[in-house]
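Here the structure comes first, spelled out in structure tokens, and everything after it is commentary.
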Amino acid sequence: MTKEEIFKADDEFIMHTYKRNPIAIESGKGATVIDKDEKSYIDFTSGIGVCSLGYGNEKWAKAIYDQAKKLGHISNLYYSEPCVELARKLVERSGLERVFFANSGAEANEGMIKIARKYSYDKYGEGRSTIITLVNSFHGRTITTLKATGQKHFHEFFNPFTEGFRYAEANDIESLGKAAGNDVCAVMVELIQGEGGVNPLDKDYVKAVADLCYRNDWLLLIDEVQTGIGRTGAFFCYQNYGIKPDVVSFAKGIAGGMPFGGFIAGSKAKDTLGYGTHGSTFGGNPMAAAAANVVVDTLTPEFIESVKEKGDYLKKAIEAIDSPYIAGVRGMGLMIGVGIKGKTHAEVKDELQTEGLLALTAGKDTLRLLPPLVISKDEIDRGLEILRKVLGRR
């Protein structure tokens with residue numbers, strides 16, 4: 001199909017829920033993608049943080065192919081080796097104890113919500129089911145995770161929403177205390193609010209939240225759908241903060257492009273979900289698990305250190321740009337937010353795209369950069385050259 005034919009078919013046959021960029025991507029290698037017009041782009045999006053190993057990774061593709069030839073799907077009514085191998089690796093890398101596999105980040109967060117409420121019900125009975133989340137958070141697009149999301153504009157159109165959530169201001173422990181009560185069973189946070197504008201939480205605040213959860217026997221739920229699996233210069237972002245959650249969710253980068261997600265519970269909640277209390281037909285799919293095993297095996301301590309180094313290099317280089325449009329740079333590892341002033345973040349994103357750099361937006365005024373973790377220094381430098389060209393214009 002030509003680019004125009006793809007655009008026409010998309011408009012005719014696919015629901016108009018996405019405001020797509022006018023590019024039809026055809027292929028990619030490393031952190032570079034090529035469109036139908038054979039124009040190349042440095043990719044600072046990695047499919048919204050999904051393509052952790054970039055494009056055209058031979059080991060990743062071979063693992064999927066080899067597994068597809070043997071067993072594409074069998075369901076969780078039977079044992080299969082790839083997901084068991086992956087679960088062991090995730091337990092070892094997380095310091096937690098048991099894994100549940102799902103398909104997406106929203107499903108993973110739904111599972112965390114269920115495990116928190118059942119943990120409290122089993123121990124305290126009814127009436128202790130409220131979960132505190134943070135203002136400006138984002139936890140998914142299902143009815144329940146939309147309500148868990150602490151942004152009012154997401155609470156439109158789809159009423160009635162699932163009840164049982166209250167919101168506290170980020171980095172304000174007094175606000176969290178005011179949201180507390182005898183009906184609370186958990187606190188759920190993103191350590192870096194991604195969709196909300198790439199806003200890292202303060203370390204002292206996070207430790208105070210963890211302590212408050214411990215003292216009240218609330219489960220501490222960490223949403224690492226975007227921050228997890230090496231993205232921030234640690235396998236999980238909570239490892240940068242020196243805490244251990246009761247449950248952590250993951251998705252996006254775990255399988256490098258295959259739909260996959262899940263959550264890991266620590267000792268307090270590892271046995272909360274029993275037979276029949278939760279499930280997923282496609283969860284732990286052998287092909288997706290085989291892909292995820294390649295990702296996790298690639299993320300050695302040395303590789304993750306290189307992610308941190310690349311992120312530091314990129315962040316410092318952006319901070320050094322003489323620009324009237326940059327209003328601060330923040331983030332960890334290869335999850336970087338660039339505050340934009342004097343233009344809209346969408347305008348900057350479009351200008352970068354025209355020049356050959358793909359970027360994301362977040363919040364009201366932030367350019368969000370999530371390059372593949374395998375991005376080379378040359379690709380970073382080529383992206384920086386475009387950033388300087390666009391943001392340096394006066």
Side-chain angles (χ1 to χ4, degrees), residues 17 48-50 100-120 129-171 175-176 179 184-201 205-206 209 213 218-229 231-232 236-238 241 245-254 259-265 269 278 280 283 335 337 360 362-363 366 368 370:
T17 58
I48 317 182
V50 168
F100 179 90
F101 290 122
N103 306 294
S104 68
E107 284 182 78
N109 287 337
E110 286 262 0
M112 287 209 301
I113 290 165
K114 285 180 69 175
I115 202 171
R117 288 179 172 168
K118 188 172 186 299
Y119 170 84
S120 188
S129 58
T130 297
I131 295 173
I132 300 172
T133 67
L134 300 184
V135 173
N136 208 42
S137 61
F138 181 83
H139 296 292
R141 291 185 180 274
T142 64
I143 290 294
T144 297
T145 56
L146 278 175
K147 188 63 175 178
T149 292
Q151 299 184 57
K152 286 185 178 180
H153 70 275
F154 283 107
H155 304 159
E156 300 174 337
F157 310 124
F158 307 112
N159 297 78
F161 287 94
T162 306
E163 295 302 321
F165 296 93
R166 285 201 292 272
Y167 313 104
E169 294 289 338
N171 297 319
S175 176
L176 185 61
V184 171
C185 67
V187 176
M188 181 163 70
V189 300
E190 306 159 278
L191 295 173
I192 303 175
Q193 294 183 329
E195 298 289 338
V198 193
N199 301 305
L201 299 185
Y205 169 77
V206 171
V209 172
C213 288
W218 303 336
L219 292 195
L220 176 59
L221 313 177
I222 305 293
D223 174 351
E224 296 236 23
V225 168
Q226 191 167 153
T227 57
I229 321 301
R231 172 59 56 187
T232 65
F236 281 112
C237 190
Y238 67 77
Y241 282 80
D246 294 302
V247 192
V248 60
S249 63
F250 58 87
K252 289 192 180 288
I254 180 66
F260 207 66
F263 53 92
I264 318 173
H278 201 44
S280 172
M335 184 174 182
L360 300 161
T366 301
R368 179 173 36 152
L370 303 171

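Everything numeric here is computed off the predicted structure, so don't read it as measured data. Positions are given from 1, in the same order as the sequence printed here.
- Classified by interplanar angle (parallel below 30°, tilted 30° to 60°, perpendicular above 60°), the ring pair F161/F158 is perpendicular.
- Not counting sequence neighbours, the partners of F154 by the ring pair (Phe, Tyr, Trp, His ring centres under 6.0 Å) test are F138.
- Taking both residues in full, the closest heavy atoms of I222 and P245 are given as CG1-CB, 3.3 Å, listed atom of the first, atom of the second, then distance.
- For A186, the side-chain contact (heavy atoms from CB on, under 4.5 Å) partners two or more places apart in sequence, or in a different chain, are A116, I131, L219, L221.
- R368 approaches A362 most closely through the heavy-atom pair NE-CB, 3.7 Å.
- Taking F260 as the reference, F101 meet the ring pair (Phe, Tyr, Trp, His ring centres under 6.0 Å) condition, with sequence neighbours excluded.
- Taking the side chain as every heavy atom from C-beta outward, S137 and Y167 never approach each other to under 4.5 Å.
- Judged as a side chain to side chain donor-acceptor pair (under 3.5 Å), and not counting sequence neighbours, K147 has no contacts.
- The side chain to side chain donor-acceptor pair (under 3.5 Å) check on E190 picks up nothing, with sequence neighbours excluded.
- L360 contributes atom CG, which lies 6.0 Å from atom CD1 of I48 (distance to the nearest 0.5 angstrom).
- The CG atom of N109 lies 11.0 Å from the CD atom of E224; values are rounded to the nearest 0.5 Å.
- Atom-to-atom distance recorded for H153:NE2 and H155:NE2 is 9.0 Å, nearest 0.5 angstrom.
- The shortest distance between side-chain heavy atoms of K252 and I229 does not fall below 4.5 Å.
- The two atoms that bring A148 and M188 nearest to each other are CB-CE, 3.8 Å, heavy atoms only.
- Under the side-chain contact (heavy atoms from CB on, under 4.5 Å) criterion, K118 pairs with D122, T272, L273, T277, not counting sequence neighbours.
- Distance alone, capped at 3.5 Å, places no donor-acceptor pair between the Q226 side chain and the G49 backbone.
- Tested against Q193 for a side chain to side chain contact (heavy atoms under 4.5 Å, CB included), the candidates V135, L134, V198 yield a single pass: L134.
- Looking at residues two or more places apart in sequence or on another chain, you find no side chain to side chain donor-acceptor pair (under 3.5 Å) involving T133.
- Checked against side-chain contact (heavy atoms from CB on, under 4.5 Å), V206 has the following partners two or more places apart in sequence or in another chain: L191, L201, Y241, I243.
- Put simply, the side chain of H278 reaches to within 4.5 Å of the side chain of F263, judged on heavy atoms.
- For E110, the side-chain contact (heavy atoms from CB on, under 4.5 Å) criterion is met by T142, T144, T145, not counting sequence neighbours.
- Qualifying ring pair (Phe, Tyr, Trp, His ring centres under 6.0 Å) partners for Y119, counting only residues two or more places apart in sequence or in other chains: none.
- Here the shortest heavy-atom pairing between N103 and S280 reads ND2-OG, 3.4 Å.
- Partners of T232 according to the side chain to side chain donor-acceptor pair (under 3.5 Å) rule, which considers only residues two or more places apart in sequence or in another chain, are N240.
- Residues in residues 148-166 take part in these salt bridge (charged side-chain N to carboxylate O under 4.0 Å, His left out) pairs, two or more places apart or across chains: R166-D183.
- The structure places OG of S175 at 9.0 Å from CD1 of I132, a figure rounded to the nearest 0.5 Å.
- Taking OG of S249 as the start and CZ of F236 as the end, the distance is 8.5 Å to the nearest 0.5 Å.
- Between the T149 side chain and the H139 main chain, a donor and an acceptor come within less than 3.5 Å of each other.
- Contact check for Q151 versus N136: side-chain heavy atoms found under the 4.5 Å cut-off.
- Across A168 and A179, no two heavy atoms sit closer than the pair CB-CB, 4.4 Å.
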